[in-house]
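The next block holds one structure in the form of structure tokens; read it before the comments.
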There are 2 protein chains.
Amino acid sequence: MAIESSKGLLKERGVRLTRQRQILLELIDKTGEHLDAERLFQMAKEKDPKLNRVTVYRTLKMLKAGGLVDELDLMHYGGDQHYYETRLKQEHAHVICLRCGKVEEFFGEPLQRLRKQIESHFGFQVLLARTEVGGYCAHCQTLRAREVEELRLLTVAAGKPAAARAPSKRTRRS
Amino acid sequence: MAIESSKGLLKERGVRLTRQRQILLELIDKTGEHLDAERLFQMAKEKDPKLNRVTVYRTLKMLKAGGLVDELDLMHYGGDQHYYETRLKQEHAHVICLRCGKVEEFFGEPLQRLRKQIESHFGFQVLLARTEVGGYCAHCQTLRAREVEELRLLTVAAGKPAAARAPSKRTRRS
DNA sequence: GTTAGTGCAAACCTTTTGCAGCTCT
DNA sequence: AGAGCTGCAAAAGGTTTGCACTAAC
């Protein structure tokens, strides 16, 4: 179980395994991935109502600095918050549908190849790598085409030029 | 000149080319890249002291939505702000040294290969792609090794366990 | 003359900090 | 016992919004 190795690593470094940290580690490890600080906080609060949001931030920061979690933005699909996932998996890219928000993961040799080329090309020591791709998933491509067409009809009917308007996208706190 | 094609694209869409937008477009286009909103604002203010920070944000948002600029984070090296660059160049990865902050750009076939694989593997329509790599540049690797060694000596001398402490890194507004 | 775009002030969300008190080891 | 952590309140940074006014077409 991945969580044990995390605990081990932290202990080695003289980091105290407090109740709060155990809760957070467990959540990050068990809950698949792509949690942001706020959601992690909400989940942690259920296990310990006293646990403070600040502790979540501090813990995430420590885990990130220690290389135990990776920080993602997922193309800022949901806003400006960051998402976190354990670092134990193989390197992968995140593929985000900009319409439905679904996140896919892509493993594949171009990623390793990219890393190696950067290392040899610049003599660079790669510690973190992050690839995020945004677009439309297979399902949403159809729906999107329909939406665009409807919009076109509307604006043409109103005698407007083809100026499209992007819908407001601020969905932060539900 | 790239800026002319940007203007053309905007005009086609019925976007008004205000004085402010012309200033901002010109700055983004001429000033190489990796400007954040605040720096862009400071530069724009020199050309038009009345120009407001909000206009910068609104313009960047529009350009991003219209696919004319790409948004980067550069691994949050300098904080949580976003950076922008024109989208006319070939796709490339950003390689950020976490010690000195230097940003290199990497062009190379793994990137195109990655994009194609994602498109065919998921039937995904890729609109944006972003690869950011963090680590130490050739120059900083040496210096970093020295720093780590010095830290080790210090903590050993003080009879401490090997718990390293990450230095505070909040350099936002200078 | 319209309607899109601007400036201003004020809000907003996310994240960080200072400090007193608690708790792991 | 004592450094390391936590919680609380308050701040900070970056970005967005509401609204009246201005300017591009």
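Convention: sequence-line order gives letters A, B, ...; per-chain numbering from 1.
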Whole-Å gap separating P (D:dG14) and CG (B:Asp73): 13 Å

Closest to side chain of B:Lys61, choosing from D:dT16, D:dT15, C:dT14: D:dT16

Sequence-aligned protein contact record of nucleotides 19-25 of chain C, with B where the base is within under 4.0 Å of a protein heavy atom and S where only the sugar-phosphate is: ----BBS

Nearest-angstrom distance from the residue atom CZ of B:Phe41 to C1' of D:dT15: 13 Å

Test side chain to side chain donor-acceptor pair (under 3.5 Å) applied to B:Thr59 - qualifying residues, sequence neighbours left out: none

Salt bridge (Lys or Arg N to Asp or Glu O under 4.0 Å) partners of A:Lys64, counting only residues at least two apart: A:Glu71

Salt bridge (Lys or Arg N to Asp or Glu O under 4.0 Å) contacts touching residues 40-51 of chain B (sequence neighbours left out): B:Arg19-B:Asp48

Any residue meeting side chain to side chain donor-acceptor pair (under 3.5 Å) with B:Gln125, in chain and number order, not counting sequence neighbours: none

Rounded distance (Å) that lies between atom C1' of C:dC13 and atom CZ of A:Arg39: 18 Å

Distance in angstrom units between B:Gln22 CD and C:dT6 P, rounded: 11 Å

Protein-nucleotide distance (A:Asp80, atom CG; D:dT17, atom P), rounded to Å: 11 Å

B:Arg21 CZ to D:dA24 P, straight-line distance once rounded to whole Å: 11 Å

Side-chain N or O of B:Arg53 closer than 4.0 Å to phosphate OP1/OP2 of C:dT6: no

Contact list for residues 13-45 of chain A, test ring pair (Phe, Tyr, Trp, His ring centres under 6.0 Å), sequence neighbours left out: A:His34-A:His94

5' priority, DNA chain C, between B:Asn52 and A:Val54 [closest heavy atom]: B:Asn52

Results of side chain to side chain donor-acceptor pair (under 3.5 Å) for A:Glu109 - residues two or more places apart only: A:Arg113, B:Gln117

Mutual orientation of the aromatic rings belonging to B:Phe106 and A:His121 [parallel < 30°, tilted 30-60°, perpendicular > 60°]: perpendicular

Short side-chain N/O contact from B:His82 to OP1 or OP2 of D:dG14, under 4.0 Å: no

Watson-Crick and G-U pairing of DNA chain C written in dot-bracket, each distance under 3.5 angstrom, with | for inter-strand partners: |||||||||||||||||||||||||

Side-chain donor or acceptor of B:Glu132 paired with backbone N/O of B:Leu74 under 3.5 Å: yes

Contacts of type side chain to side chain donor-acceptor pair (under 3.5 Å), residue A:Thr86, not counting sequence neighbours: none

Length of the CD1-P vector between B:Ile23 and D:dA23, whole Å: 14 Å

Rounded distance in Å - CZ (A:Arg13) to C1' (D:dG4): 17 Å

Phosphate OP1/OP2 of C:dT15: any A:Tyr57 side-chain N/O under 4.0 Å: yes

